[in-house]
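The figures that follow rest on heavy atoms only: side chains count, while hydrogens, waters and symmetry mates do not.
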Amino acid sequence: MAERPSVTTFVMTADVPWPADSLPADRLGALDPVTVYEGGEARSCAISKISPLGATIRGAASRAVGGEIAIELVTGQRAAGTIAWTVGDEAGVRFKQPIDMMALLNRKLVAQTSERRKMPRVELRCHVGVKWGPNLAAATLRNISAQGLQIEGDGLPARDTFVSLFIDGLNMPSGVVVWQRERLAGIELMEELAWSSIMPWIRETQRRTLA
């Protein structure tokens, strides 16, 4: 059986991942394991979302809001923070110092074998053009990975619709809508996006977003 791809999301905007940011579709799939430290004790958890300013962890972390915590990142950095919120089995951590998300993404890619290297799920915002048949809709990107993307907008196509996608600076393959509800839609790409094409685009998009 093929290993399920991780659905851990790397948030490139300067935001703290809050519980309301998650969709049911975000919760389906494997998450990257992570070690957290509380009072010198190491605990194994999973990381749902991480941004320059904070992270959402799932698992055996303390549920005490305001508690001190540190997350050991794959870059070797131990990011110190405090627990900002808890909902169910998730806790939000606000970092005391911003972390380097591009370094974290690079390390995530390098850790994979070259022949199986895939871009993880990355959250950022930009305009997306969606075309199906004679129809054209403007949408906003929510997140993107090697296999697909989530978009938000009005008048989006229904499930099972084949679409063409247009994102400035990124050559996008066609896709098919695999779920759609209200103003949101998930699109699976017909061809995988190569990490070598996504990374320069993410770097430039993040630069413009944070400028």
Side-chain angles (χ1 to χ4, degrees), residues 1-13 17 23 25-26 28-34 46-52 55 73-76 99-132 136-153 156-157 159-180 184-211:
M1 181 180 296
E3 184 180 352
R4 291 185 303 168
S6 170
V7 295
T8 293
T9 303
F10 294 76
V11 182
M12 305 308 292
T13 54
L23 296 171
D26 296 332
L28 301 177
L31 294 173
D32 290 351
V34 69
I47 193 158
S48 176
K49 283 190 173 187
I50 186 165
S51 80
L73 304 175
V74 294
T75 56
I99 64 169
D100 186 339
M101 289 301 297
M102 290 306 301
L104 198 61
L105 268 180
N106 283 325
R107 185 63 185 84
K108 169 77 174 179
L109 289 168
V110 169
Q112 303 174 42
T113 58
S114 57
E115 65 273 11
R116 300 181 63 185
R117 192 165 292 160
K118 293 183 180 181
M119 197 69 198
R121 184 183 295 193
V122 174
E123 182 176 303
L124 44 70
R125 297 292 187 266
C126 72
H127 297 296
V128 182
V130 187
K131 188 177 187 304
W132 66 104
L136 182 64
T140 299
L141 180 70
R142 285 182 58 93
N143 61 59
I144 188 169
S145 70
Q147 293 85 19
L149 61 158
Q150 290 182 8
I151 59 174
E152 181 174 5
L156 297 178
R159 182 178 174 179
D160 297 329
T161 302
F162 288 90
V163 296
S164 298
L165 301 162
F166 307 93
I167 297 178
D168 187 31
L170 189 61
N171 187 22
M172 292 294 298
S174 299
V176 60
V177 178
V178 291
W179 61 264
Q180 192 274 326
L184 301 171
I187 298 173
E188 182 177 311
L189 299 176
M190 307 299 289
E191 300 175 14
E192 284 192 359
L193 280 169
W195 67 269
S196 55
S197 65
I198 304 179
M199 279 296 283
W201 174 78
I202 288 174
R203 187 178 292 109
E204 176 60 21
T205 302
Q206 186 195 36
R207 184 192 66 79
R208 292 198 305 265
T209 300
L210 299 180

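Between the SG atom of Cys126 and the CD1 atom of Ile167 there is a distance of 5.0 Å, given to the nearest 0.5 Å. The line from CD1 of Ile151 to OG1 of Thr140 is 9.0 Å long, rounded to the nearest 0.5 Å. The CG atom of Leu105 sits 11.5 Å away from atom OG1 of Thr75, with the distance rounded to the nearest 0.5 Å. Here Met172 contributes atom CE and Glu191 contributes atom CD; the two are 11.0 Å apart, rounded to the nearest 0.5 Å. Of the inter-residue distances, the one linking Ile144 atom CD1 with Arg121 atom CZ reads 11.5 Å to the nearest 0.5 angstrom. How far CG of Leu165 is from CG of Asn171: 11.0 Å, rounded to the nearest 0.5 Å.
For the pair Lys108 and Pro120, the tightest heavy-atom approach, listed with the atom from each and the gap, is CG-CG, 3.9 Å. Closest heavy-atom contact between Pro173 and Leu189: O-CD2, 3.9 Å. The shortest heavy-atom contact between Met101 and Ser51 is SD-C, 3.6 Å. For the residue pair Ala55 and Ile47, the shortest heavy atom distance occurs at CB-CD1, 4.0 Å.
Between Met119 and Ser145 there is no side-chain heavy-atom pair separated by less than 4.5 Å. Between Leu73 and Arg107 the shortest side-chain heavy-atom distance does not fall below 4.5 Å. Within the 4.5 Å cutoff, the side chain of Glu192 has heavy atoms near those of the Gln147 side chain. You'll find the side chain of Val130 stays beyond 4.5 Å of the side chain of Leu136, heavy atoms only. The closest side-chain heavy-atom distance from Ile50 to Asp32 is not below 4.5 Å.
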Run the side chain to side chain contact (heavy atoms under 4.5 Å, CB included) check on His127 and Leu141 step by step: do they pass? CA-CA 6 Å; His127 297 296; Leu141 180 70; over 6 Å; no

Under the side chain to side chain contact (heavy atoms under 4.5 Å, CB included) rule, what do Ile202 and Thr205 come out as? Steps first, then yes or no, please. CA-CA 5 Å; Ile202 288 174; Thr205 302; 5.7 Å; no

If you apply the rule side chain to side chain contact (heavy atoms under 4.5 Å, CB included), what do you find for Leu124 with Trp201, and how did you get there? CA-CA 11 Å; Leu124 44 70; Trp201 174 78; 3.6 Å; yes

What do the steps show when you test Val178 against Ile187 for side chain to side chain contact (heavy atoms under 4.5 Å, CB included), and what is the final call? CA-CA 6 Å; Val178 291; Ile187 298 173; over 6 Å; no

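Without hydrogens or angle criteria, Thr8 side chain to Leu31 main chain gives no donor-acceptor distance under 3.5 Å. The backbone N or O of Lys49 sits nowhere less than 3.5 Å from a side-chain atom of Thr9 that would complete a donor-acceptor pair.
The side-chain contact (heavy atoms from CB on, under 4.5 Å) search around Thr161 returns Trp132, Pro157, Ala158, Val163, Val177, not counting sequence neighbours. For Ala194, the side-chain contact (heavy atoms from CB on, under 4.5 Å) partners at least two apart in sequence or on another chain are Ser196, Ser197. Residues satisfying the side-chain contact (heavy atoms from CB on, under 4.5 Å) test with Asp100, not counting sequence neighbours, are Met102, Ala103. Residues passing the salt bridge (Lys or Arg N to Asp or Glu O under 4.0 Å) test with Glu152 are Arg142, Arg183, sequence neighbours excluded. With sequence neighbours excluded, the residues forming a side-chain contact (heavy atoms from CB on, under 4.5 Å) with Ser164 are Lys131, Phe166, Ser174, listed by chain and number.
Each of Arg125, Gln150, Glu123 was evaluated against Asn143; a single residue qualifies, Gln150, per the side chain to side chain donor-acceptor pair (under 3.5 Å) test.
Environment of CZ in Arg203: crowded, with over 12 heavy atoms of neighbouring residues, nucleotides or ligands closer than 6.0 Å.
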